[in-house]
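Quantities reported herein were computed from a predicted structural model and do not represent experimental measurements. Read the numbers this way: they start at 1 and go in the same order the structure lists the ligands and their atoms.
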Amino acid sequence: MAVATSYGAFIAGEWVQGEGGAEIEVRAPYDNSLVGTVTPASEAQVDAAVAAAKAAFPAWRKTPLRTRVEICRRAFDLCMERNEEIAEVIAREVGKTIREAREEMEEYTVDHFRRASEDVLRYYGNVLPSTQESTGTKRIMVVQEPIGVVAAVSPWNFPVDIAGIPLVYGLALGCTTVWKPSEYAPICANMFVQLLHDAGFPPGTVNLVHGRGEIGSQLVKHPDVGSVVFTGSVETGEKVARDAGLKNRVLELGGNGPQIVFADADIDKAADAAIMGCFYLAGQCCTAAERILVHASVKDRFVEALTSRTRDLKVGDPTLEETDMGPVRTPAVLARTKAHIADAVEKGARVVLGGGNDGQLHEPTIVDGVTSDMRIAQEETFGPVAPIMSFESADDAIRIANETHFGLTASVFTNDLRLAWKMAEALEHGTVHINETTNYWDQMAPFGGAKKSGAGRELAGYILDAMSETKQITWEIG
Ligand code: NAD
């Protein structure tokens with residue numbers, strides 16, 4: 001069943017056809033069936049979307065906070081009502097399992113409305129004394145003002161949740177928004193924008209343009225955009241950083257997360273965590289366990305535990321309840337996964353399980369004997385592979401874990417408190433989990449990467465800083 005849509009853009013509260021060339025056909029990665037089509041926006045339509053957002057900003061920022069929060073709460077209710085139909089489309093167009101798609105909607109996306117409507121009520125400035133002069137008659141106020149137009153450019157792996165962060169927080173704060181979703185997941189984006197509109201966000205506050213990289217680039221460069229929130233690969237993120245210039249921005253980029261398993265760890269728990277880390281969403285998470293570092297003395301035991309669990313995974317049609325792992329989304333992900341495995345084998349690694357594919361369905365794969373000179377150890381694979389590396393000492397593990405230019409999420413399995421503390425401090429990653437999978441994130445905590453994995457933080461209230469101006473107002477009261 002195709003979702004009938006050929007919309008291209010949502011500008012100033014109206015759906016319009018995109019005028020930027022040939023339709024983008026969205027085909028399900030599992031069976032190549034047509035999910036729907038969208039038309040890319042033209043350059044003039046990107047300008048029109050930004051102009052609509054700019055025009056809507058003065059009235060929206062002055063709309064009482066209470067009204068903005070009430071609309072957020074209505075959107076929360078609507079999202080609860082429409083979760084399942086959006087999740088079904090995500091499962092088809094992205095290929096994540098229906099259980100993973102529901103999690104994206106029910107656990108993460110819906111929560112943005114709840115959190116944003118609470119966080120903006122507690123996002124305020126300060127009154128400070130001055131030490132500049134001896135009069136004691138100066139007072140300094142610091143206020144947080146919405147920045148204006150927020151541009152959100154998002155990837156396909158969490159197509160609604162990830163864009164939902166800047167959109168929902170931005171709107172709650174009084175900003176207006178323009179969203180360029182991934183060309184690989186545009187249909188669920190249309191459904192989410194319709195939901196925001198139906199909840200009552202006024203025309204012009206929410207705008208959408210479809211298209212590929214060049215449309216994203218034009219949006220990011222636009223002089224009337226105040227803040228850019230980009231999530232995607234390091235390669236694109238570096239271009240976006242250059243294009244955004246001096247604009248406020250958050251960059252949430254790729255990862256190459258190590259899961260480190262020490263000799264004293266609970267091996268069963270560590271193996272469960274690796275299943276989640278390597279095979280959740282077929283490995284296509286920025287926080288995936290891209291390298292499993294295991295102490296040499298327990299490596300064989302760990303590989304055995306991981307192998308028996310991996311054999312139990314049901315791989316197939318993502319729309320079926322019983323499926324544990326679906327296909328990889330794009331031909332590029334499939335090609336890179338295969339190239340990384342081939343390179344590892346050529347340099348001396350051994351495929352313990354899997355390695356093959358049937359179209360976009362790639363087997364969950366375990367590769368043992370991985371070393372630092374292999375591409376699979378240095379680059380983000382973003383596919384369903386567990387590369388096993390071994391180490392002899394904590395310092396050895398730290399060196400390997402920190403040797404790539406990524407720094408998003410790391411996890412450490414040990415029951416030794418001192419060792420865990422030492423590792424948490426030594427790992428150059430935005431998040432370090434102790435005895436938890438790399439694929440864990442929490443709506444209550446700041447999320448973001450060190451090194452090339454990004455700049456800035458989102459989740460919790462942290463993203464509000466990227467979408468506001470901190471303004472100083474000085475009072476002479478003498
Ligand atoms: P991508 O970088 O290919 O594309 C992301 C978005 O950027 C898409 O909408 C794309 O159309 C757009 N784009 C492409 N070129 C552009 C340009 N020059 N200017 C502006 N926009 C441009 O990434 P992807 O394949 O969609 O997603 C996978 C990547 O995203 C992985 O590297 C993954 O680790 C990363 N990711 C990071 C996080 C995080 O929070 N850190 C979360 C999810 C995914």
Side-chain angles (χ1 to χ4, degrees), residues 20 24 26 29 38 40-41 46 93-96 104 108 151-166 178-186 188-189 208-222 225 228-245 247 249-257 280-290 328-337 379-383 404-409 429-431 438-439 441 445-459 462-463:
I24 297 175
V26 186
V38 293
V46 175
E93 72 175 339
V94 171
K96 66 170 68 178
E104 172 171 354
Y108 312 136
V153 181
S154 55
W156 48 263
N157 65 339
F158 288 83
V160 176
D161 158 46
I162 282 178
I165 303 169
V178 184
W179 178 17
K180 207 299 278 175
S182 168
E183 59 273 36
Y184 291 103
C188 56
L208 168 88
V209 285
H210 284 303
R212 299 189 172 82
E214 63 281 3
I215 291 295
S217 174
Q218 194 200 337
L219 177 59
V220 165
K221 282 181 192 157
H222 202 293
V225 164
V228 172
V229 181
F230 172 80
T231 305
S233 60
V234 170
E235 196 189 6
T236 312
E238 289 189 317
K239 289 183 200 155
V240 167
R242 281 193 292 275
D243 286 346
K247 297 180 175 95
R249 58 179 190 239
V250 173
L251 301 171
E252 297 285 352
L253 310 180
N256 191 8
Y280 179 81
L281 183 41
Q284 302 164 110
C285 280
C286 54
T287 49
E290 291 261 338
V328 294
R329 175 64 187 93
T330 69
V333 172
L334 180 66
R336 191 173 51 233
T337 303
E379 300 172 21
E380 182 184 40
T381 306
F382 219 55
T404 80
H405 62 238
F406 297 97
L408 193 57
T409 306
H429 293 259
T431 301
T438 57
N439 263 340
W441 54 93
F447 181 86
K451 294 157 80 175
K452 284 201 175 185
S453 287
R457 294 293 181 267
E458 60 183 19
L459 291 188
Y462 286 82
I463 199 167

Protein residue, atom and distance nearest to [atom], heavy-atom basis:
{"atom": "atom 3 (O) of ligand 1", "result": "T236 OG1, 3.9 Å"}
{"atom": "atom 35 (C) of ligand 1", "result": "G232 O, 3.2 Å"}
{"atom": "atom 31 (C) of ligand 1", "result": "E380 OE1, 3.5 Å"}
{"atom": "atom 27 (O) of ligand 1", "result": "P155 CB, 3.3 Å"}
{"atom": "atom 5 (C) of ligand 1", "result": "T231 O, 3.8 Å"}
{"atom": "atom 39 (C) of ligand 1", "result": "C286 SG, 3.3 Å"}
{"atom": "atom 17 (C) of ligand 1", "result": "G213 O, 3.5 Å"}
{"atom": "atom 7 (O) of ligand 1", "result": "F230 CE1, 3.3 Å"}

[X] contact mode with ligand 1 (heavy-atom cut-off under 4.0 Å):
{"X": "E183", "value": "side chain"}
{"X": "S154", "value": "backbone"}
{"X": "P181", "value": "backbone"}
{"X": "L219", "value": "neither"}
{"X": "V153", "value": "side chain"}
{"X": "Y184", "value": "neither"}
{"X": "F447", "value": "side chain"}
{"X": "L253", "value": "backbone"}

Should the heavy atoms of other residues, nucleotides or ligands under 6.0 Å from OH of Y108 be counted, would the total exceed 12?
yes
State whether the number of non-hydrogen atoms from other residues, nucleotides or ligands found under 6.0 Å of E235 atom CD is greater than 12.
no
Under 3.5 Å: N/O of [X] near N/O of ligand 1:
{"X": "K180", "result": "yes"}
{"X": "L408", "result": "no"}
{"X": "N157", "result": "no"}
{"X": "R212", "result": "no"}

Which ligand 1 atoms are under 4.0 Å away from a heavy-atom of [X]?
{"X": "S233", "result": "1 (P), 2 (O), 23 (O), 29 (C), 30 (O), 32 (O)"}
{"X": "I162", "result": "42 (C), 43 (C)"}
{"X": "E252", "result": "37 (C), 38 (C), 39 (C), 40 (O), 41 (N)"}
{"X": "S182", "result": "9 (O)"}
{"X": "V240", "result": "19 (N), 20 (C)"}

For W156, state whether at least one heavy atom is located under 4.0 Å from any atom of ligand 1.
yes
Is there a heavy atom of G454 sitting under 4.0 angstrom from any atom of ligand 1?
no
Does one side chain, of W179 or S154, offer a donor that lies under 3.5 Å from an acceptor on the other?
yes
Using 4.0 Å as the upper bound for N to carboxylate O, is an ion pair formed by K180 and E183?
yes
